[in-house]
Amino acid sequence: MVNTDCASLFCVDGVCCDSACDSVCEACTAALKGGGVDGACEPVAAGTDPQDECAAEAPNTCGNVDGFCGGSSGCAKHPMGTLCGDSPSCAAGVQVNQDTCSGTGACVDKGTTPCGLYACGPSACKTSCAADVDCVSTAYCNVATSACVPKVANGTACAAANMCTSGFCIDGFCCNTSCGGACRACSNAKSGGPNGTCTLFGANLDPDNECATECNGAGACEAVNGTACAAGSICQSGFCVDGVCCNTACSATCQACTAAKNGGVSGTCGNVVTNTDPDSECTTECNGAGACEAVNGVACSAASQCQSGFCADGVCCNNACSGTCQACTNAKTGGVTGTCSNVTVNTDPDNECTAECNGTGACEAVGGTACTTNAQCQSGFCVDGVCCNSACTFSCTACSLAKTGVASGTCANVSAGTDPDVECPGTTNCNGNGQCSLLAQGAVCTLAAECASGFCADGRCCNSACSGLCLACSLAKTGAANGTCANVFPGTDPDNECSTVPNLNCAAGGVCGP
C-alpha cells in the first residue's frame, strides 16, 4: 500500500492515516500506539518505544531517559530536579549552586548563593561553626550557639581576642593595640583613657601591681637602683648616673655607679677601680680612693703623689726599692721606669759600693770573696768559688788557699804532689810549678800519658813504643834495664807471640824460631 491508495494520501504504519504522522513517538495503528484506533495519528503510549526512536542519554544531559517515549509525541526526558551541569562548589564566600533538569530536556542554571558570615566548605557554604576557621575573617564563632557572629569594634566589651575586629581584647574591651608592656591599660577604669584605646598610667600609679615601685607616667616602672636609665625621672632614687639608677648623685671625682667602673654593685656609688680612669677625670688615673694619682713611672717628689705609695729616684715606683744596687729608672737599671730593678752590672750610680754593682742587686765582690758567677766579682773572674785576680785556667793552677797554699783570690800553682782538680793523667800529680809530674824511664806506669817518654810498655815507662815482635821493656823479659826496649830472651815467649806454630819461641834477633 502506498500513499495514493489512501483518500488522505497518507499511508503510515501500513494503514491509511489521517496525517503524515512523522513526529517522534507517534504512530497510526492501535498496536504501535498501545491503544486507540487504526488510522488516527496519536502519541505512542508512555514507557514504550515500538519503533526504537528514543536512544538513552546520560542524566546530566537532561535528555532521553531509559529509551522510552514520553506519551506526548516525544521521547521521555529526565525528570525535573535531576542534577546536571558542573558539580557545586564554594570559593571566596560564594557558593555556586548545583544546576537541575527542567523535565523537558533543559539544564536550568541555579545561580550562586553568598555565604554571609560563614566560610566555604568543600562544595558549599558552612551553616554552623565549631571554631573561628568556620567563619569569615570579619566574624567569630560563638561556640555556645555554633553560629558565626560579626566581630565587634574597639571599645566594645569582649571576653576573647577573636571577638574583636582589632584582634586584641585587653582589660575586658576590644583594644586598638596589644597594649603590651608595663604601666598601660585599655579601660577607662584603669588608665583614665577611653575604653578600647591603650593609654599609659599616670605617674605614681600602678593599678595592676606590675612594678616593684610604681609607674613613671612614661610607660615603665620607676626603676630601682642598678636599672638602666636615660633620666633621673625614671628612677625611684631620682638619680641616673652612668646609665643606671643610682643611690646618690655620685658626682665626686673618680666615683661611678656601675660595676664595670667601680668593681662593686651597679646602682651603688663607689670609687673608680685603681689604675683606671673611665671618665677621663685625671691627668693620670684614679687611685681607688676617690682621687687622682700618678701611675708608676710618672715623676714625683713625694710618695703621697703616687698610686703605689712609693716615690723612688724621682718617679712613682712599684715598691720602696730601697735595697742595695736597686733603682726605679731605666737610666740606672736598663729596665722599665717605675719598676724597681737591679742596677746595671759594673755601674754604681748611687755610690753604694766600694767597687761597683754586680747586676744582681749586690756590690761586686773583692778578691777572695765567695762567689757563684763572674758578674759578682770586681775582677770579673769567679774561680774555685772565690773572686780571683785572673781567669786562672792553666793546668795545675787554682785560686783557693786549700789548693795552692796561697791566699784565696790569687791564682797560683797547685801544691806539689796534689791534683785536686784531677788534671794530671793516671796516678801522677802536679809538680808545684803549674805542670803535671811525669814518670821517668823505667818507672812503673799504667798509661802512656803518665810517662815523660810518652810510652808505657810492660808496665814501665819505656824509651819507645816497643811494639815489635819478641820485644819487651822489662828486665824480667829481656835482661836489659827496665824502661829499655830490647829483644826477649831467646827460647822464651812471655807474651805468647809465637804460639801460632807449635814448639816455637822467640829467637835471637827479635823473630820467632825453633
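Sulfur-to-sulfur, Cys424 and Cys430 sit at least 2.5 Å apart at their SG atoms. Under the 2.5 Å SG-SG cutoff, Cys328 and Cys340 do not qualify as a close cysteine pair. For the cysteines Cys377 and Cys387, the sulfur (SG) atoms lie within a distance shorter than 2.5 angstrom of each other. For the cysteines Cys164 and Cys169, the sulfur (SG) atoms lie at a distance of at least 2.5 angstrom from each other. For the cysteine pair Cys246 and Cys257, the distance separating the two SG atoms is below 2.5 Å. Checked against the 2.5 Å cut-off, the SG-SG distance between Cys466 and Cys485 falls under it. By the SG-distance test at 2.5 Å, no disulfide connects Cys90 to Cys125. Between Cys135 and Cys141, the gamma sulfurs sit at a distance of 2.5 angstrom or greater. If you check the gamma sulfurs of Cys215 and Cys221, they are not less than 2.5 Å from each other. Cys316 pairs with Cys306 as a disulfide, the SG atoms being under 2.5 Å apart.
For the pair Thr156 and Met163, the minimum side-chain heavy-atom distance is 4.5 Å or more. Annotation: side chain of Val366 is in contact with side chain of Gln378 (closest heavy-atom distance under 4.5 Å). Counting heavy atoms from C-beta on, the side chains of Val272 and Pro278 come closer than 4.5 Å. Inter-residue side-chain proximity for Leu117 and Pro150 is flagged as met; some heavy-atom pair is nearer than 4.5 Å. Asn482 has its side chain within reach of Ser474: a pair of non-hydrogen atoms, C-beta onward, lies under 4.5 Å apart. Taking 4.5 Å as the limit, every side-chain heavy atom of Lys261 sits out of range of all side-chain heavy atoms of Thr276. Asn287 places none of its side-chain heavy atoms less than 4.5 Å from the side chain of Cys254. Here the side chains of Lys332 and Asp313 are in contact, with some heavy-atom distance below 4.5 Å.
At least one donor-acceptor pair under 3.5 Å links the side chain of Asn188 to the backbone N or O of Gly193. At least one donor-acceptor pair under 3.5 Å links the side chain of Ser166 to the backbone N or O of Cys175. Side chain of Glu423 to main chain of Cys396: a donor-acceptor pair is present (N/O by atom type, distance under 3.5 Å, no hydrogens or angles). A donor-acceptor distance shorter than 3.5 angstrom exists from the side chain of Asp206 to the backbone of Cys211, with no hydrogens or angles considered. Not a single donor-acceptor pair under 3.5 Å links the side chain of Thr347 to the backbone N or O of Pro349. For Gln441 (side chain) and Gly483 (main-chain N/O), a donor-acceptor pair under 3.5 Å exists by modelled atom type. Of the possible donor and acceptor atoms, none in the side chain of Thr492 sits under 3.5 Å from a partner among the backbone N and O of Pro494. Under a 3.5 Å cut-off, the side chain of Gln305 and the backbone N or O of Ser301 do form a donor-acceptor pair. At distances below 3.5 Å, at least one donor-acceptor pair connects side-chain atoms of Thr165 with backbone N or O atoms of Val152. Counting only distance, with no hydrogens or angles, the side chain of Asn433 and the backbone of Gln435 share no donor-acceptor pair below 3.5 Å.
Ile170 contributes atom CD1, which lies 7.0 Å from atom OG1 of Thr177 (distance to the nearest 0.5 angstrom). Considering NZ of Lys126 and SG of Cys120, their distance stands at 9.5 Å, rounded to 0.5 Å. Atom OG in Ser266 sits 10.5 Å away from atom CG in Asn225 (nearest 0.5 Å). Interatomic distance, CG of Asn275 versus SG of Cys286, reported as 10.0 Å (0.5 Å rounding). Between the CZ atom of Arg184 and the CG atom of Asp208 there is a distance of 12.0 Å, given to the nearest 0.5 Å. Atoms OG1 and CG, on Thr268 and Asn247 in that order, are 5.0 Å from each other to the nearest 0.5 Å.
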- Task: With side-chain contact (heavy atoms from CB on, under 4.5 Å) as the test, would you mind laying out the steps for Asn487 and Cys506 before giving the verdict?
- Result: CA-CA 9 Å; Asn487 291 326; Cys506 292; over 6 Å; no
- Could you give me the CA-CA distance, side-chain angles and deciding distance for Cys363 and Cys353, then say whether disulfide (SG to SG under 2.5 Å) is met? CA-CA 5 Å; Cys363 294; Cys353 302; 1.9 Å; yes
- Query: Can you check side-chain contact (heavy atoms from CB on, under 4.5 Å) on Cys382 and Thr373, steps first, answer last?
  - Reply: CA-CA 6 Å; Cys382 181; Thr373 64; 5.8 Å; no
- Item | Residue pair Tyr140, Val149: steps toward the side-chain contact (heavy atoms from CB on, under 4.5 Å) verdict | CA-CA 5 Å; Tyr140 69 95; Val149 181; 4.0 Å; yes
- Query: Given the rule in the side-chain contact (heavy atoms from CB on, under 4.5 Å) test, do Asp458 and Asp495 qualify, once you have shown the distances and angles that lead to the verdict?
  - Reply: CA-CA 10 Å; Asp458 297 308; Asp495 296 320; 4.2 Å; yes
- For Cys186 and Cys179, run disulfide (SG to SG under 2.5 Å): C-alpha distance rounded to whole Å, both residues' side-chain angles, the deciding distance at 0.1 Å, then the answer. CA-CA 7 Å; Cys186 213; Cys179 211; 5.0 Å; no
- Stepwise disulfide (SG to SG under 2.5 Å) test for Cys462 and Cys456: CA-CA 6 Å; Cys462 192; Cys456 181; over 6 Å; no
- Task: May I have the step-by-step check of disulfide (SG to SG under 2.5 Å) for Cys399 and Cys388, ending in yes or no?
- Result: CA-CA 6 Å; Cys399 211; Cys388 191; 1.9 Å; yes
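Evaluated for a side-chain hydrogen bond (donor to acceptor under 3.5 Å, both in side chains) with Lys403, the options Asp384, Thr418, Asn413, Thr397 yield exactly one hit, Asp384.
Side-chain contact of Gln255 with Asn262: a donor-acceptor pair under 3.5 Å is absent, judged by distance alone. Under the 3.5 Å distance criterion, with hydrogens and angles disregarded, a donor-acceptor pair is assigned to the side chains of Glu450 and Thr427. There is no side-chain donor-acceptor pair under 3.5 Å between Ser437 and Asn429. Side chains of Asp132 and Asn162: a donor-acceptor N/O pair is present below 3.5 angstrom, by distance only.
Residues passing the side chain to side chain contact (heavy atoms under 4.5 Å, CB included) test with Ala185, sequence neighbours excluded: Asp171, Lys190, Ser191, Phe201.
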